[in-house]
Amino acid sequence: MTPENKLDKSKMVVVEGSYAVAHAVKVCRPNVISAYPITPQTHIVEDLSQFMADGEIPNCEYINVESEFSALSALVGSSAAGARCYSATTSQGLELMHEVLFNVSGMRLPVVMTIANRAVSAPISIWNDHQDAISQRDTGWIQIYAENIQEISDMTAQAYKIAEDKDILMPAMTCMDGFILSHVYEPVVLLEQDLTDEFLPAYEPENILDPKNPLSFGAFADPNYYTEFRYLQEQAMQKALKKIEDVANEFYDVYGRYYGGLIDEYRTDDADIIIMAMGSIVGTIKDVIDKLRDRNVKVGLLKVRSFRPFPVEAITNVLKDAKVVVVLDKNISLGLNEGALFTETKSSLYNTDIRVPVVGYMIGHGGRDIKIDTIEKIIDEATEVMKTGIKIESQFTDVKEELI
Amino acid sequence: MKEIRIHGRGGQGSVTAAELLAVAAFADGKFSQAFPAFGVERRGAPVQAFTRINNEPIRLRNQIYEPDYVIVQDPTLLEVVDVASGLKEDGILIINSDFDADKFNLDTKAKIMTVNATKIALDIIGRPIVNTVLLGAFAGATGEIEPKSIMDAVKERFPGKVGERNAEAIQEAYKMMKEAKK
């Protein structure tokens with residue numbers, strides 16, 4: 001049963017998505033923020049540097065670094081020394097962090113980073129898709145995707161609470177669609193300082209870099225030990241599955257706002273067709289579903305919030321009674337002709353008794369707008385799959401043949 | 001749901017106008033959403049910004065193709081951009097121009113209205129910045145928004161004298177459009 005989201009208009013203000021996130025970071029009381037202030041970046045770190053200049057973030061260092069690689073490297077040391085750490089990045093900047101992402105996770109440092117998801121070069125694109133974060137899938141970071149700016153802003157506090165839990169100690173990426181959410185102005189309740197102080201305890205790690213009590217982080221592990229580090233990281237990810245749910249519920253108890261835990265569902269109860277998607281597109285899909293429900297098309301939405309850890313059980317539970325599953329991906333694994341959510345959904349279903357056709361659509365690459373008509377057409381095609389079976393398993397959407 | 005598209009040139013404050021409209025609509029008790037047409041912005045280049053206004057929270061995230069209203073900040077855009085594209089037949093197109101509306105031969109069945117926002121801005125604000133003035137004109141022409149909400153939003157965004165003068169210009173444009181509607 002999904003708790004009802006209590007919207008208190010009297011607490012809402014109209015601000016830009018990036019500002020809402022920066023504000024949320026501020027009230028989470030970070031100790032170190034690092035940023036490489038050049039494209040690709042977001043207004044998040046600009047707003048945070050303004051807060052710093054205005055003295056609004058006490059007990060915090062803001063480090064301007066010379067690259068995204070350095071931005072995350074600076075947080076490795078800071079987090080190991082016991083600081084609550086934050087950065088934000090996107091696109092090529094995230095890709096440059098690739099090596100360091102493994103280090104943060106391997107050292108079990110609960111850094112939180114907002115990703116304003118954007119396409120990767122070449123060709124140069126500044127627009128939204130999910131390729132940047134999806135390409136970092138195996139780095140050992142929790143990845144959660146948001147539908148709107150209220151969710152991404154609130155997710156900041158949730159992410160710290162999940163990441164810093166003593167049973168988890170894994171870094172987290174909170175993902176918002178670049179431009180579509182980072183640059184939109186809409187009404188939002190800015191994360192409340194008093195409630196956040198109640199919800200999010202101070203970060204008090206058991207082990208820190210301390211000259212008085214010397215320790216090594218991420219030191220040499222020969223073949224006698226390396227496997228166990230990986231094993232324990234995976235154990236932590238599995239524990240995070242429950243933690244993400246718990247934290248979403250605790251957040252609701254304190255703030256009265258809820259967006260789902262690992263997943264969320266919309267009109268899935270009696271749905272023959274279930275669409276799966278991540279990020280801001282789920283808002284548009286909900287509108288389409290309402291429209292089609294009026295025409296008696298039994299369609300529902302499975303919104304995937306947590307992509308890592310991947311919520312196999314939660315997803316298969318929702319899909320078990322569906323007649324066809326449609327997965328939308330703003331990414332592609334080149335050479336497989338599939339998006340990641342599609343591949344992993346199929347994989348989750350394989351060794352089960354659930355036998356439901358699953359079709360995939362790769363959509364919205366490089367910011368191509370996803371129109372209502374396109375989603376309606378995909379649902380029409382899913383209706384056909386229900387009757388006659390799968391003809392095309394996975395495909396690009398809206399390809400302009402005239403350009404090829 | 002009402003959808004508004006604002007055409008301008010980079011530097012004319014189209015994005016700010018869309019944002020202020022969203023702030024004002026929310027102050028009126030509605031839900032709103034404002035976003036730019038994401039591009040590689042340059043001063044002087046044609047740009048677009050959008051606002052949605054609705055009684056319920058807005059979930060839609062796609063771009064606006066069939067606006068109810070269009071605002072054109074710079075009449076020279078008419079030569080390079082199809083400003084009436086997709087505009088609903090019962091919609092309104094507001095152009096900043098000193099010409100009468102019937103001088104514009106555009107491919108639309110929507111009502112065309114003009115306002116000399118540049119003159120109002122020069123007379124009252126002292127600078128040819130028309131984005132806020134056109135919001136006053138929008139309020140007068142469409143009735144979708146309270147002029148006071150626009151003025152409050154502008155005064156909060158630009159505190160002090162600048163905001164006061166903008167508010168005065170908004171009031172003037174509002175009155176002119178309200179008159180023109182009669």
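Lettering of chains follows the sequences in order, A, B, ..., and the numbering in each one begins at 1.
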So CZ of B:Arg59 and CD1 of A:Ile281: to nearest 0.5 Å the spacing works out to 14.0 Å
Got a second to check how far A:Thr284's OG1 is from B:Ile58's CD1, nearest 0.5 Å? 11.5 Å
Contact between B:Leu60 and A:Ile372 at the side-chain level, heavy atoms closer than 4.5 Å - yes or no? yes
Would you say CD of A:Glu376 has more than 12 non-hydrogen atoms from neighbouring residues, nucleotides or ligands within 6.0 angstrom? yes
Measure the CD-CD distance between A:Glu16 and B:Glu19 for me, rounded to the nearest 0.5 Å. 8.0 Å
A:Ser280 and B:Arg61: which non-hydrogen atoms are nearest, and at how many Å? O-CG, 3.3 Å
Counting only heavy atoms from other residues, nucleotides and ligands, does the tally under 6.0 Å from CG of B:Asn105 exceed 12? no
Residues of residues 26-34 of chain B near chain A, each having a heavy atom less than 4.5 Å away: B:Phe26, B:Gly29, B:Lys30, B:Phe31, B:Ser32, B:Gln33, B:Ala34
Rounded distance [0.5 Å steps], OH in B:Tyr65 versus CG in A:Asp373: 9.5 Å
Do other residues, nucleotides or ligands put more than 12 heavy atoms under 6.0 Å from the NZ atom of A:Lys11? yes
Atom CG of residue position A:Asp8 - does it have more than 12 heavy atoms of other residues, nucleotides or ligands inside 6.0 Å? yes
Is A:Lys377 atom NZ crowded by more than 12 heavy atoms from other residues, nucleotides or ligands, each under 6.0 Å away? no
Assess whether atom NZ of B:Lys88 is packed by more than 12 heavy atoms of other residues, nucleotides or ligands within 6.0 Å. yes
So CG of B:Leu20 and OH of A:Tyr185: to nearest 0.5 Å the spacing works out to 9.0 Å
Please report the closest heavy-atom contact between A:Asp369 and B:Asn62, naming both atoms and the distance. OD1-CA, 3.5 Å
